[in-house]
Trainee: 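Okay, here's the structure, questions in a sec.
Each residue takes its place number in the sequence, starting with 1. Keep in mind that what you see is a predicted model, and the values were worked out from it rather than measured.
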Amino acid sequence: MSSTPIAILESDPELEALRKKLREAFHIFESEGIIDVEDLGNILRYLGLNPTQKQLETLKEEMADQFVPFEKFEAIISKIVLTSTYDGVGMARDTETTLLKAFEVLDPERKGYVDSEKMVRLLKTYGEPMNDEEINAFLKVAEDQQNKVIRYEEYVTKLSSQ
């Protein structure tokens, strides 16, 4: 994959919006102007994509370094976000309705939230289990810190606005 930054095309409003979205996602996970490639899965999920473990491993290899500055991140991730694919395989985006229905399954009483503890337990044991770092990154974005719950409508709205 070639790495042409989208900054060259900044006069296009759609590309400006994409660059803003990428910068926002980068800043959530960055420290001292770089991100750890181990956070790529969380960043892509924050951007509304669902990468496979194989895609993440290939992407980490493509990044070549453990710590990546925004320019390199932008050059590679912008293409993925624009096409919703990587390494020839789609990274399906979940619709707002699909995400809400998934959370509603976890909230049969329709309280509008799921306890963080319950969510963590599910994320560690079902499907492709998430590790502690991934879970902490998810909670950083999704959890109501005061009440220790995931207010899923707010979270889905946050994801959908990305």
Trainee: Decide if atom CD of E133 counts as having more than 12 heavy atoms of other residues, nucleotides or ligands within a radius under 6.0 Å.
Mentor: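 For E133, atom CD is not crowded (no more than 12 foreign heavy atoms under 6.0 Å).
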Trainee: Taking NZ in K111 as the centre, count heavy atoms belonging to other residues, nucleotides or ligands within less than 6.0 Å. Is the count above 12?
Mentor: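 Count over threshold, so yes.
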Trainee: Of all heavy-atom pairs between K124 and M130, which one has the smallest distance, and what is that distance?
Mentor: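 Smallest interatomic distance, heavy atoms only, reads CG-O, 4.0 Å.
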Trainee: For the CG atom of L122 and the CD atom of E117, what is their distance to the nearest 0.5 Å?
Mentor: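 If I round to the nearest 0.5 Å, the distance is 11.0 Å.
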Trainee: Heavy atoms only: give me the nearest S116-V149 pair and the separation to one decimal.
Mentor: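 Closest heavy-atom pair between S116 and V149: OG-N, 3.3 Å.
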Trainee: Start with the C-alpha gap between F67 and E32, add the side-chain angles, then the distance that decides, and say whether side chain to side chain contact (heavy atoms under 4.5 Å, CB included) holds.
Mentor: CA-CA 10 Å; F67 301 100; E32 298 180 20; over 6 Å; no
Trainee: Rounded to the nearest 0.5 Å, what separates atom CG in N131 from atom CD in E134?
Mentor: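 Here the rounded value is 4.0 Å.
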Trainee: Within the side chain of D107, is there an N or O that forms a donor-acceptor pair under 3.5 Å with the backbone of V114?
Mentor: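 No; zero donor-acceptor contacts below 3.5 Å.
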Trainee: What is the distance from atom CD1 of I135 to atom CG of L123, rounded to the nearest 0.5 Å?
Mentor: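 Between atom CD1 of I135 and atom CG of L123 there are 5.0 Å.
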Trainee: Taking R19 first and then E74, would you say they form a salt bridge - that is, a charged N and a carboxylate O separated by under 4.0 Å?
Mentor: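 Yes, R19 and E74 are salt-bridged.
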Trainee: Locate the shortest heavy-atom distance separating V37 from D65; write the atom from each residue and the value.
Mentor: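 Here V37 and D65 meet closest at CG1-O, 3.1 Å.
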Trainee: Would R45 and N42 satisfy side chain to side chain contact (heavy atoms under 4.5 Å, CB included), going step by step from the backbone distance to the final call?
Mentor: CA-CA 5 Å; R45 288 182 201 98; N42 293 323; 3.5 Å; yes
Trainee: May I ask you to decide if G112's main-chain N or O and R151's side chain share a donor-acceptor pair within less than 3.5 Å?
Mentor: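 Checked: no pair found.
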Trainee: Could you pull out the closest heavy-atom pair between F138 and M119, with the gap in Å?
Mentor: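 So the two residues come closest at CE2-CG, 3.8 Å.
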Trainee: Which pair of heavy atoms, one from N50 and one from Q55, lies closest together, and at what distance?
Mentor: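 In terms of heavy atoms, the two residues are closest at O-OE1, 4.3 Å.
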Trainee: D144 and Y113: side chain to side chain donor-acceptor pair (under 3.5 Å), yes or no, with the steps?
Mentor: CA-CA 10 Å; D144 173 341; Y113 63 86; over 6 Å; no
Trainee: Would you name the heavy atoms of S84 and L49 that are closest together and state the gap between them?
Mentor: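 Residues S84 and L49, closest heavy atoms: OG-CD2, 3.8 Å.
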Trainee: Taking atom CD of Q145 as the centre, report whether more than 12 heavy atoms of other residues, nucleotides or ligands fall under 6.0 Å from it.
Mentor: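 It does: Q145 CD has more than 12 such atoms within range.
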Trainee: Can you find a pair of side-chain heavy atoms, one from K20 and one from R23, that are under 4.5 Å apart?
Mentor: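 No; the side chains remain at least 4.5 Å from each other.
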Trainee: With rounding to the nearest 0.5 angstrom, report the NE2 to CG distance, H27 to L22.
Mentor: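 Answer for the NE2-CG pair, H27 versus L22, is 11.0 Å.
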Trainee: Do E96 and T157 make a side-chain contact, defined as non-hydrogen atoms from C-beta onward lying under 4.5 Å apart?
Mentor: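 Yes; the side chains approach each other to less than 4.5 Å.
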Trainee: Mind checking the CD-CD spacing from Q66 to E38? Nearest 0.5 Å is all I need.
Mentor: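 Rounded to the nearest 0.5 Å, the CD-CD separation comes out at 5.5 Å.
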Trainee: Given side chain to side chain contact (heavy atoms under 4.5 Å, CB included), test Y152 with E104 step by step and report yes or no.
Mentor: CA-CA 8 Å; Y152 54 84; E104 287 170 356; 3.8 Å; yes
Trainee: Hey, is the main chain of V81 close enough, under 3.5 Å, to the side chain of K21 for a donor-acceptor pair?
Mentor: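 Answer holds: no.
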Trainee: To the nearest 0.5 Å, how far apart are CD1 in I77 and NZ in K79?
Mentor: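 Atom-to-atom, I77:CD1 and K79:NZ are 10.0 Å apart.
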Trainee: Can you tell me which residue among M63, K60, E30 is in a side-chain contact (heavy atoms from CB on, under 4.5 Å) with V68?
Mentor: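 Of the listed residues M63, K60, E30, the side-chain contact (heavy atoms from CB on, under 4.5 Å) partner of V68 is M63.
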Trainee: Report yes if some heavy atom in the side chain of I150 is under 4.5 Å from a heavy atom in the side chain of L106; otherwise report no.
Mentor: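 I150 vs L106: side chains apart.
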Trainee: Could you walk me through whether F26 and I43 pass the side chain to side chain contact (heavy atoms under 4.5 Å, CB included) test, one step at a time?
Mentor: CA-CA 7 Å; F26 184 87; I43 293 170; 5.6 Å; no
Trainee: Looking only at atom types and distance, does a side-chain atom of K140 sit under 3.5 Å from a main-chain N or O of I28, one as donor and one as acceptor?
Mentor: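 Side chain of K140 to backbone of I28: a pair is present.
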